[in-house]
Student: 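I have a structure I would like to understand better, so I am pasting it below and will then ask my questions one at a time.
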There are 2 protein chains.
Amino acid sequence: MTPLKTGSKTDSKTAVKPAQNGAHKAAIRQENEEQILAAAEKVFADYGFKGATTALIAEVANVPKANVHYYFSTKEALYRRIMEDVCDHWLEAAMTFDNSADPAIILRGYIEAKMDLSRARPYGSRLWAHEIIRGAKFSSDYISTTVKNWLDSRVVVIRGWIAEGKMDHIEPYSLMYMIFATTQHYADFGAQIEIFNNDQPLSETQFAEAKENVVRIILKGVGLNG
Amino acid sequence: MTPLKTGSKTDSKTAVKPAQNGAHKAAIRQENEEQILAAAEKVFADYGFKGATTALIAEVANVPKANVHYYFSTKEALYRRIMEDVCDHWLEAAMTFDNSADPAIILRGYIEAKMDLSRARPYGSRLWAHEIIRGAKFSSDYISTTVKNWLDSRVVVIRGWIAEGKMDHIEPYSLMYMIFATTQHYADFGAQIEIFNNDQPLSETQFAEAKENVVRIILKGVGLNG
DNA sequence: ATTTATCTTGACCGTTTGGTCAGGTTAAAA
DNA sequence: TTTTAACCTGACCAAACGGTCAAGATAAAT
C-alpha cells in the first residue's frame, strides 16, 4: 500500500504503454511482423525461395510455425513482401544518382551509397541475387519497368557526359553493370571475402579502403578525375 | 544359315559397335552420367543445393529418378562431383594469370578468360554463387586452401608491379574482387542483363564489346596502358 | 547356351514440406 | 462484468522429398 509498492505494481508490465486505443495489440502485431520479416529475410537470403522453409523461418523468428502463417498467409506472400522492402531500399540508393552536379561527384556518391547498402543490408542483396540467378521469376515485371526505366535514364545522362567530352567513350551499360557487380559482391560474396581475409570480416577501416579503391578504379577507368 | 541371314541377324543391334571389350556398356554409362551431370548442373544452378530436387534433375536428364541414384549414390555426392568439375574449370582460367609478361597483357588475358568462362559455362558460375551466398558450407576448405593460395600469390605479383611503379598504388584484393565480381556478373545476373537488353540475350558482338569495356575500365583504372 | 555382371525402373518407405484448424488465451470494447 | 475481436499454437493433413529395393532387361564373359 505504500507509494513504492503501488508504483512497482503498475510499473514494468501494466503501465508501460497505456497510450492510445488498442496500442498494446498493435504493438504486438508490429513486433511479431518485424521479427518474422527479419528472420525470413535471413533464411530466404541463405536458401532462396524454394530452399527456404517456413519451419526454419519460424525457428529463427522464435515463434511457432503456425504463427508465421497467422501473420503471412503463404510462403510466397512473405517472400513478395520482403522483395518489396528490398526494392524500396534499392530505390533509395538509386536516388543518390541525380544529374545535378559534376559526373565524378555523382558517380562517387552512387558507388558509395551502393557499397554502404551492401554493408548495412547484405541479406537484401543476397536475396536479390537468388532471385536473379533463378531467372527473376517473381521480379521480372519490376525489373523490366521500374528498374529498367531508372537505368535507361541514367544511361542517357552518361551518354550526355560522353558527348560533352567529360569522360571516355564507354558503353554506359557496361559501366553500370560493373558498379552493380562490384558493390553487391561485398554483400553476396561476403563469405568468400571473409575467408580470404583470414576468416575475419572486413573491419570498418578495411571496408572504407575497399570502398575508396572501388571508387578510384572506376572513376579513373572511365576518364573522370584523371 | 545363309550368310545373308546371319549377317542381318547381327546387324543393327548387335554389330553396331563390337569394338573393344564392354565398349557398349561403358558408352551407356558415360552417356547417362553426362546427361545426369548436365541436368544437375542446371538445376543446382537454378535452385541451390537445398532447393534442387532429385526428381527435377531426373526429369531434365530424361531418366527415371531411381536411375539418378544408380549412378550417384546421394544428392550430396552428385553436388560435390559438379562442384569439383566447376573448380577444375575455374583453375584452368586462373592459369592464364601467370607472371611472365607485361602486367597489362596478363590482366587483360585473365579478365578475358573469366569473361569467356561466364559466357561458356554460366551454370557453373551460378552454382558457385549459390554456394558462396549460402556461406560456402561445402567449399570453405577448397577456398581457404587452393583458392586462397592462388589469390595470395597473385596479390604478391601485383604488389611487385606497384613497387616497380608499373601501376597505381591500389590494394590488390580490391582489384581482384572487382574482376571476380564483374566477370561473374555476366553469368550470375544474365537474366537481369537480358531484361535490360530488351529481353534479348547479349549477342556475340555485344558481349565482345562488354568484354573490351571491362578490360579498358579496369586497366586504365589501375593506371595500366594509360 | 548358360552364366554373370551391369543397367533399368515402378513401387514403395520414412521424413519433411507448406498449410490448416479447433480450441485456447489475452486484451479491447460495451 | 460481459462480450467481442484479435492473438496464439499443438496437432494434424496431403503432397513432395531423398532414398531404397526387388524384379526384370540387356549385354558381356564363359
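A note on names: the letters A, B, ... follow the listed sequences, proteins ahead of strands, and every chain is numbered from 1. Just the heavy atoms: all of them, side chains too, but no hydrogens, waters or symmetry mates, feed the values below.
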Student: For residues 127-137 of chain B, which residue pairs pass the salt bridge (charged side-chain N to carboxylate O under 4.0 Å, His left out) check, not counting sequence neighbours?
Tutor: none
Student: When you measure from the side-chain N and O atoms of B/Arg29 to the phosphate of C/dC7, is any distance below 4.0 Å, counting only OP1 and OP2?
Tutor: yes
Student: Run the ring-centre check on A/Tyr142 versus A/Trp150 and record whether the distance is less than 6.0 Å.
Tutor: no
Student: Just to verify, what does A/Val214 make a side-chain contact (heavy atoms from CB on, under 4.5 Å) with, not counting sequence neighbours?
Tutor: A/Ile111, A/Met115, A/Thr182, A/Tyr186, A/Ile218, B/Met178
Student: Side chains of residues 80-94 of chain A: which donor-acceptor partners sit under 3.5 Å, not counting sequence neighbours?
Tutor:
| residue | atom | partner | partner atom | Å |
| --- | --- | --- | --- | --- |
| A/Arg80 | NE | A/Glu76 | OE2 | 3.1 |
| A/Arg80 | NH2 | A/Glu76 | OE2 | 3.0 |

Student: Just distance, no hydrogens or angles: give the donor-acceptor pairs under 3.5 Å from side chains in residues 37-58 of chain B, sequence neighbours left out.
Tutor:
| residue | atom | partner | partner atom | Å |
| --- | --- | --- | --- | --- |
| B/Glu41 | OE2 | B/Gly124 | N | 3.4 |
| B/Lys50 | NZ | A/Gly51 | O | 3.1 |
| B/Thr53 | OG1 | B/Leu56 | N | 3.1 |

Student: Given C/dT20, is OP1 or OP2 found less than 4.0 Å from the side-chain N or O atoms of A/Tyr70?
Tutor: no
Student: Verify the distance criterion only: is there a donor paired with an acceptor across the side chains of B/Asn197 and B/Gln206 at less than 3.5 Å?
Tutor: yes
Student: Verify whether one side chain among A/Tyr173 and A/Asp152 offers a donor that lies under 3.5 Å from an acceptor in the other.
Tutor: yes
Student: What bend angle does the helix from C/dA1-D/dT30 to C/dA30-D/dT1 show across its length, from five-pair end axes and to the nearest 10 degrees?
Tutor: 0°
Student: Once you apply a heavy-atom cut-off of 4.0 Å, does A/Phe72 come out as touching a base, just sugar-phosphate, or nothing?
Tutor: nothing
Student: How would nucleotides 10-19 of chain D be written as a contact map, 5' to 3', with B for base contact, S for sugar-phosphate-only contact and - for no contact, using protein heavy atoms under 4.0 Å?
Tutor: B------SBB
Student: Calculate the interatomic distance between A/Asn67 atom CG and D/dC8 atom P; express it in whole Å.
Tutor: 5 Å
